Amino acid sequence: MQVATQPLTNLFLRALYYNVQRLGLHIHPYLQKTIRPLSASQPSSCSLVLGYLQLLFWSRVNDRESVHPSALMSSIKEWMHLVFDPSPLGLAIAIILALSIPIFLHTVVFRASGLTTLPTILLIGPSGSGKTALLTLFERENKPATTHTSQAPLTAECSLPVDTVAASNKYRSVNDPTNQVHKKFLLVDTPGHGKLRHHAFQNVTNTSNLRGVIFVVDATTLGAGEEGLREAADYLHDLLIVMQKLMGEGKSSKAPKELPILIAANKMDLFTALPAALVKSSLEREITKVRVSRSKGLLDSGVGLGDEQDEEKDDWLGEMGSEDFKFSQMEEFDISVEVAGGNVLGADGASTESWWRWKIGALRYNIHEAEIAVGKIGRKPRVAMELRRLKMTTIDVESLEKEGEKKESGAQAVSRKKRKTRDGKRGKIEISEGKEVINLDGSSTEDETASETESEDGGPARKKLKSSTEPSTPSQAKKDLEKIRTFKVLKVDWYYDSVKAGKILPMDGYLVYEGRPVQEPAQDLISTNASPPSRGSDILARAVADAKSSPSTAYMKHGNARYHKPTKSVTRPTHLLHQTTSEHDDPEKFPPLPDYLTKLYSCERPTPLHSPNDEFINLLKKIKTARQLNSDAIGVRAYSTLIASIAAYPYKLTSPTEVLRLPGCDQKTALLFQQYQQTGTLAEVTDVENDARMKVLLDFYNIWGVGDHTAREFYSRGWRDRDDIIEYGWERLTRVQQIGVKYYDEFLTPIPAAEVEDIGAVVLKEANEIIPGYQMVIVGGHRRGKPFSGDVDIMLTHPDPEATLNFVPLITDRLEELGWVTNVLQHSLANSARGQAPVAYKSPRPSGSGFDTMDKALVVWRDIRYDKAKHEKNPNIHRRVDIIITPWKTAGCGILGWSGGTTFQRDLRRYVRKVKDWKFDSSGMRDRRDGEWLDLEGSVVGWGEGKLREKEMKVFEMCGLAWREPWERCTG
DNA sequence: CGGCAT
DNA sequence: CGTAT
DNA sequence: GCCG
């Protein structure tokens, strides 16, 4: 073999590739991206093989299985040499390997499914751009034919050399097994003439297994104002519309998952040609024009005959409401646009190289056509998770069988909840002397991997999955299944052992998971024979859930994200309010609207803890939460406002028109009320509650330390319950999130008012042990009169400003030492940013005067008192406690800022901004014009009993607000 | 159509 | 981006 | 989603 000039890597790759080939395998190229930096110069096969190599390397380093195919051993040795050889190349490779190892733990090798149709690429473009020449080039690899104007679509079966570089003979060796490897595909040329364009468009919509479109333009005719530019843009616009529509249909079986388009700027060799970047921008500019005139219907007749004319009118290319068209707007429809220059007739091979590369990308295998995946995954839930991440929806064959059996025998499905006992986790949360230590280092990874390999689900135990569930139970469902191809996940060992045996071994012992790919429009099929979410780790249920609730892809197709609203009401309410003049709807008959309810800001009106309309309000709160989880912050704002408004209404609502009178409520709110009145519930709430995704998001969102963003992030990783988080993501959680997960249930347990007061008393006592003279107010929900609280908010203040300075660490340390506080989640310096002292928030503060005060600590609390005779360990549950320290001079502001409901707080801030041009927060009030601190409560002197309440009242007064008792600030 | 608490 | 009200 |  010719070794001298070849890097060892290459040799090894080819050896490996040969083995892969012998087994009829293809490497899954979604790995390609990660490897590109290494193999950019040899795009195709080598990078694929490299992807596999990383797996070998990984298992070598982690040497857990001692199985190594002897056929590969020598190569591996060579490879290892290279890696440990301090050559720059070896080093670079080693680094890349190390970085990408986790990615390769999953699916790696795929066998191509028996596709009935070859992957197809369409060639489209105006006449004279050189399409046919390009076709011929690709077909023959080298010599473009001379031009002729094509009349009908021309199809050529082409072979893509797996290694493009091979064409230029750079790395080719005589014995190279990759020489013979070609991937076949169809290249369809379409006529360029305007009158024949419908052929091209029909091809886009009708071609099965369409992988991409190449739009060829003549770069010499694209100068500004030239007719060629206009024509090309025109054509491209219509083409993109067709593609957009196709992709927009989304779920239809025909639409590909993604549809890349290459704009091949031809004839770049001529000096009159526009550079590729310019081609792109001028096409974008021209398409913007086309788009505008199309939407006005002006150019309707200009384009072509027939089909597109009638339906075209209401179509808009790209992002709705966008001023300028950009190719990037097509991403939303999974259409990636790439512009690359080249030259069909060029002598040098590089002239069309970028086109080649694009084509290989478009033709790469994707998991959806795979039949077998091999990976280092031993357990089914993990497989399910990885598949979710790859958006590969399958139905577990095992669970389908169970369904079938159930139907026949009426036997119960043995719901053996297959969650692994979470022993692996114990290493992470250690309990020592009643004080929990969250172990943050990665030391437990080892166990996890180990427990993964030895898990009960993996290995031969799985053997009886399908083949051995013998014909004695000839369920029809099962028989149907046999006919449909399934997607199998096997342990890598199958590959190793196969190579060793020199033949493809039966998969029985290696099968980790077998599933039936879900054909997209098969939803009804699923929902009829499946009971969605009952079984926790049931892949079937998850597949169903996923199929049903994929709002992200479904809605996002149209318009921009801002208008993405999950308003998929099943029972669609009438869109206009019926104005039947029954006595209930007669505005005259409504109870008089209290004058405070004409007020726009919720801080201007009393809002009691309970309202006659609590039931309706609770439904609205659920919609609000749904808005939050769907990243619609503005929707949250809107619902907060209207909830606060309704909560302040002292009468039971009787009609939708009555709702319209309330501030923050409008048509939409009235309709919601109407629906509530008629059905006793709200369709959107029902939808949300039945939505598996929303359930999961809510569960995550309820973890302390996890907000809506992170909840969605967890979901997108494929996690579906807290166990998934613990199993797959524990090391990546922040410390407080780990605590949040650990005490999930305890933190959600309501705290009775008496316990709240008890905790307050303990904190006050200990504060006074440090510095006597402290005063304490329990703020938060408890102060508003809630019989149960979610957490405890203790505000401490002291007449002496020196006492409150830097007090938070003192008190938390003491409480921690005494054992009341088990964890400090967060020490906050929020107030210190502006300081205890009056200081302009705009101008940089003068240094030196006590700005290092920590004003609050968020801690985990547990009562240390328990009956030691009865219990060995402390049985009390963990509580969330906030300890807030405020200097005396702003204590009124502090208490006010910590006592109102969220909406009350917002509206208070909005109010002082609008009415006074002030800026309020719990550390005080400032003037927005000059940033000066305003002393609102200085007129209250002394520090005796009742002074704090007086100070708070003073703040209301100075703001021009009527006093509201804390229990009148329950805005929700 | 911009703004929406700090 | 999380927390607090 | 409502207000100015």
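In what follows, chains are A, B, ... by sequence order, proteins preceding strands, each numbered from 1. Since we're looking at a predicted model, the values are computed, not measured. Heavy-atom basis, side chains included; hydrogens, waters and symmetry copies ignored.
- Ring centroids of Phe616(A) and Phe673(A) are separated by less than 6.0 Å, placing the two rings close together.
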Item to check | Stepwise side-chain contact (heavy atoms from CB on, under 4.5 Å) test for Lys856(A) and Asp882(A) | outcome: CA-CA 7 Å; Lys856(A) 71 180 172 195; Asp882(A) 298 343; over 6 Å; no
Checklist entry - When you look at Arg949(A) and Glu965(A), which way does the salt bridge (charged side-chain N to carboxylate O under 4.0 Å, His left out) test go after all the steps? => result CA-CA 10 Å; Arg949(A) 182 180 154 95; Glu965(A) 292 291 348; 2.9 Å; yes
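- Across Leu896(A) and Glu952(A), no two heavy atoms sit closer than the pair CA-OE2, 3.6 Å.
- Of all nucleotides in DNA chain C having an atom under 4.0 Å from a heavy atom of chain A, the first and last in 5' to 3' order are dC1(C) to dT5(C).
- In this entry the distance linking CD1 of Ile643(A) with C1' of dG1(D) reads 12 Å, nearest Å.
- Here the separation of dA5(B) from dT3(C), taken at their C1' atoms, is 15 Å to the nearest Å.
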Checklist outcome for this item: Note, DNA chain B 5' to 3' with Watson-Crick or G-U pairs under 3.5 Å encoded as ( ), [ ], | and . gives ||||||
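- Within the nucleic acid shown, Val706(A) comes within 4.0 Å of sugar-phosphate atoms alone, with no base atom in reach, counting heavy atoms only.
- Counting heavy atoms from C-beta on, the side chains of Leu936(A) and Trp918(A) come closer than 4.5 Å.
- Regarding Lys914(A), its NZ atom lies at a distance of 7 Å from the P atom of dG4(D), rounded to whole Å.
- Computed from coordinates, the Arg910(A) CZ to dG3(B) C1' distance equals 9 Å when rounded to whole Å.
- Counting non-hydrogen atoms under 4.0 angstrom, Arg712(A) reaches nothing in the nucleic acid.
- Mapped onto DNA chain C by nearest heavy atom, Gly901(A) and Gly707(A) fall at different nucleotides, with Gly707(A) at the one closer to the 5' end.
- Backbone-only contact: Arg880(A) has heavy atoms under 4.0 Å from sugar-phosphate atoms and none from a base.
- The nearest heavy atom of DNA chain D to Leu600(A) and to Tyr639(A) marks one nucleotide each, and the one closer to the 5' end goes with Tyr639(A).
- For the OP1/OP2 pair of dC4(B) and a distance below 4.0 Å, the side-chain nitrogens and oxygens of Arg637(A) include no atom meeting the criterion.
- At a threshold of 4.0 angstrom between heavy atoms, the contacts of Asp907(A) with the nucleic acid are absent.
- Atom OH in Tyr911(A) sits roughly 17 Å away from atom P in dA5(B) (whole-Å rounding).
- Nucleic acid contact for Leu825(A): none, since no nucleic acid atom lies under 4.0 Å from a heavy atom of the residue.
- The pair Arg627(A)-Glu684(A) meets the salt-bridge criterion, with a side-chain N (NZ, NE, NH1 or NH2) lying under 4.0 Å from an Asp/Glu carboxylate O.
- Distance Asp632(A) CG to dG3(B) P: 18 Å, rounded to the nearest Å.
- For the pair Thr641(A) and dC3(D), the criterion of a side-chain N or O lying under 4.0 Å from OP1 or OP2 is not met.
- For Phe807(A) and Tyr774(A), the ring centers are positioned less than 6.0 Å apart.
- The cationic group of Arg969(A) lies under 6.0 Å from the six-membered ring centre of Trp963(A) and within 45° of the ring axis, placing it in a cation-pi geometry.
- Leu660(A) places its CG atom 15 Å from the C1' atom of dC3(D), with the value rounded to the nearest Å.
- Among all heavy-atom pairs drawn from Ala648(A) and Leu597(A), the shortest one is O-CD1, 3.8 Å.
- Spacing between atom CZ of Arg627(A) and atom C1' of dC4(B) amounts to 16 Å, rounded to whole angstrom units.
- For Val763(A) against Ile811(A), the heavy-atom pair with the smallest separation is O-CD1, 4.0 Å.
- Contacts of Phe904(A) with the nucleic acid, taken as non-hydrogen atoms under 4.0 Å apart, are absent.
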